[in-house]
Amino acid sequence: MYQNNQAVVAPTEQCVSTVTAKAPHNLHWTACFSQDFELKKAFSREDRDRVFRLRHQVYCEELAYEPVRPSGLELDHYDRRSIHCLLQHRRTGESAGTLRLIASNNDTELLPIEHYFKDEFTQPDLIPSAFDREAVSEFSRLAVAASFRRNIQSQQNPILSQVAAVSDTDTQTHYRYISAGLYLAALEQARLLNLKHAYVAVAPALARMLNRVGFQFQQISNPIELNGKRAAYYLDIDKCIHTLCDDYRELWRVLAAQLRHGSFEHYNA
């Protein structure tokens with residue numbers, strides 16, 4: 001998935017809570033989120049295929065950003081050096097959403113934004129080549145399953161409205177956090193790997209929504225046409241943890257705990 005706000009507004013001026021309904025059974029909404037969803041890193045072939053299948057549904061079948069493939073799987077050469085975050089609905093086992101973190105181990109392993117925006121960067125001191133190559137990463141391929149995007153706007157534009165998407169019952173208001181939760185998962189994964197600098201290429205509406213809750217994306221390129229208007233953004237990983245709104249910081253803690261548990265299970269299998 002590949003905004004246009006040069007200025008980064010201080011979190012005290014811009015941070016907006018999005019909790020609008022009480023969680024059921026007197027539970028905090030983060031507890032409801034954790035009860036409904038399991039976050040994992042897709043290590044196994046089966047889980048990676050689930051990631052690629054969901055991406056195919058969103059990017060190829062719904063949005064037509066990529067051609068439909070006979071395999072029903074959407075993947076590219078960046079996936080070989082990516083960590084894939086997969087959010088699974090516990091009760092049904094359905095894949096609810098995914099986002100990948102692309103690492104860069106040497107100067108030959110460029111990030112996608114370096115290909116798409118190479119002649120459009122406006123802040124050379126913040127581009128990937130300005131930092132140690134092993135300290136940079138890119139978050140990309142956000143995809144949320146249609147069944148977790150319940151309102152009409154979300155069905156019409158699955159990418160731009162994912163952060164705002166709310167299911168049709170008050171007891172599922174925490175579904176609105178799926179997309180931001182996936183970005184938080186990638187944020188935590190980058191932090192665990194000591195990756196200090198992250199990049200995204202997103203549309204203006206999505207960047208504005210994420211900035212309002214404290215992500216603090218900083219635009220570093222001119223917008224280009226890339227399945228709609230997109231621009232490259234820079235994110236300081238360490239600073240972002242401190243600028244998140246309280247409710248999103250709480251969700252980050254919940255998801256970080258799930259990632260640590262999943263990592264333990266994987267490496268001790």
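Just so we're clear, the structure is a prediction, and the values are computed from it rather than from any experiment.
When every heavy atom of Ala185 is checked against every heavy atom of Leu255, the shortest pair comes out as N-CD1, 4.5 Å. Minimum heavy-atom separation, Arg90 to Ser34: NE-O, 2.7 Å. Contact record, Arg100 with Ser140: NE-OG, 2.7 Å, taken as the closest heavy-atom pair. The two residues Ala143 and Leu54 have their closest heavy-atom pair at O-CD2, 3.9 Å. Residues Tyr183 and Leu142 come closest through the heavy atom pair CE1-CD2, 3.7 Å. Here the closest non-hydrogen pair linking Trp252 and Arg191 is CZ2-NE, 4.0 Å.
Going from atom NE2 of His84 over to atom CG of Asp47 covers 11.0 Å, rounded to the nearest 0.5 Å. Summarising the geometry, atom CD1 belonging to Ile113 is positioned 12.5 Å from atom CD belonging to Glu120; distances are rounded to the nearest 0.5 Å. To the nearest 0.5 Å, atoms OG1 (Thr98) and CG (Leu87) are separated by 9.0 Å. Rounding to the nearest 0.5 Å places CD of Glu38 at 15.0 Å from CZ of Arg91. If you take CG on Leu244 and NZ on Lys239, they are separated by 14.5 Å, rounding to the nearest 0.5 Å. Between the CD atom in Glu225 and the OH atom in Tyr116 there is a gap of 13.0 Å [rounded to 0.5 Å].
Note: the hydrophobic cluster containing Val202 also contains Leu101 (ILVMFWY, side chain heavy atoms under 4.5 Å, direct or indirect links). Both Phe117 and Ile127 are members of a single hydrophobic cluster when ILVMFWY side chains are connected at heavy-atom separations under 4.5 Å. Ile224 is connected to Leu126 through a chain of hydrophobic side-chain contacts under 4.5 Å among Ile, Leu, Val, Met, Phe, Trp and Tyr, so both are in one cluster. Connection of Tyr78 to Phe52 is not established within any shared hydrophobic cluster, with ILVMFWY side chains joined at heavy-atom distances below 4.5 Å, either directly or through further cluster members. Both Tyr248 and Val200 are assigned to one and the same hydrophobic cluster, defined by single-linkage of ILVMFWY side chains at heavy-atom distances under 4.5 Å.
With sequence neighbours excluded, the residues forming a side chain to side chain contact (heavy atoms under 4.5 Å, CB included) with Ala186 are Leu99, Phe139, listed by chain and number. With sequence neighbours excluded, the residues that form a side chain to side chain donor-acceptor pair (under 3.5 Å) with Glu66 are Arg141. Remark: Tyr199 pairs with Tyr234 by the ring-ring contact (aromatic ring centres under 6.0 Å, His included) rule, at least two apart or across chains.
A 4.5 Å side-chain heavy-atom check between Ser95 and Arg53 finds every atom pair outside the cut-off. Here the side chains of Val58 and Val144 are not in contact, with every heavy-atom distance at 4.5 Å or above. Within the 4.5 Å cutoff, the side chain of Glu109 has heavy atoms near those of the Arg81 side chain. His56 has its side chain within reach of Glu61: a pair of non-hydrogen atoms, C-beta onward, lies under 4.5 Å apart. In this structure, the side chains of Ile83 and Leu193 come closer than 4.5 Å at one or more pairs of heavy atoms. The closest side-chain heavy-atom distance from Leu187 to Leu235 is below 4.5 Å. Side-chain contact check for Tyr59 versus Asn227: every heavy-atom pair is 4.5 Å or farther apart. Residues Val136 and Leu111 have side chains in contact (heavy-atom distance under 4.5 Å, counting atoms from C-beta outward).
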- [ ] Evaluate side chain to side chain contact (heavy atoms under 4.5 Å, CB included) for Phe37 paired with His89, printing each intermediate quantity in order.
- [x] CA-CA 5 Å; Phe37 298 106; His89 189 238; 3.8 Å; yes

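Under the side-chain contact (heavy atoms from CB on, under 4.5 Å) rule, Leu184 has a single partner from Ile241, Val213, Leu251, which is Leu251.
The aromatic rings of Phe215 and Phe217 sit parallel, their planes meeting at an angle under 30°, below the 60° perpendicular limit.
With hydrogens and angles ignored, the 3.5 Å screen pairs no side-chain donor or acceptor of Ser137 with any backbone N or O of Ile102. A distance-only check finds a donor-acceptor pair linking the side chain of Arg249 to the backbone of His242 [under 3.5 Å]. Not one N or O on the side chain of Arg133 forms a donor-acceptor pair closer than 3.5 Å with the backbone of Ser104. Counting only distance, with no hydrogens or angles, the side chain of Ser221 and the backbone of Ala231 share no donor-acceptor pair below 3.5 Å. Proximity of a side-chain donor or acceptor of Asp132 to a complementary backbone N or O of Glu134 within less than 3.5 Å is not detected. Of the possible donor and acceptor atoms, one in the side chain of Asp79 sits under 3.5 Å from a partner among the backbone N and O of Asp76. For Gln258 (side chain) and Leu39 (main-chain N/O), a donor-acceptor pair under 3.5 Å exists by modelled atom type.
For Glu46, the CD atom is loosely surrounded, since the number of other residues' heavy atoms within 6.0 Å does not exceed 12.
Between the side chains of Lys41 and Gln189, at least one donor-acceptor pair of N or O atoms lies under 3.5 Å.
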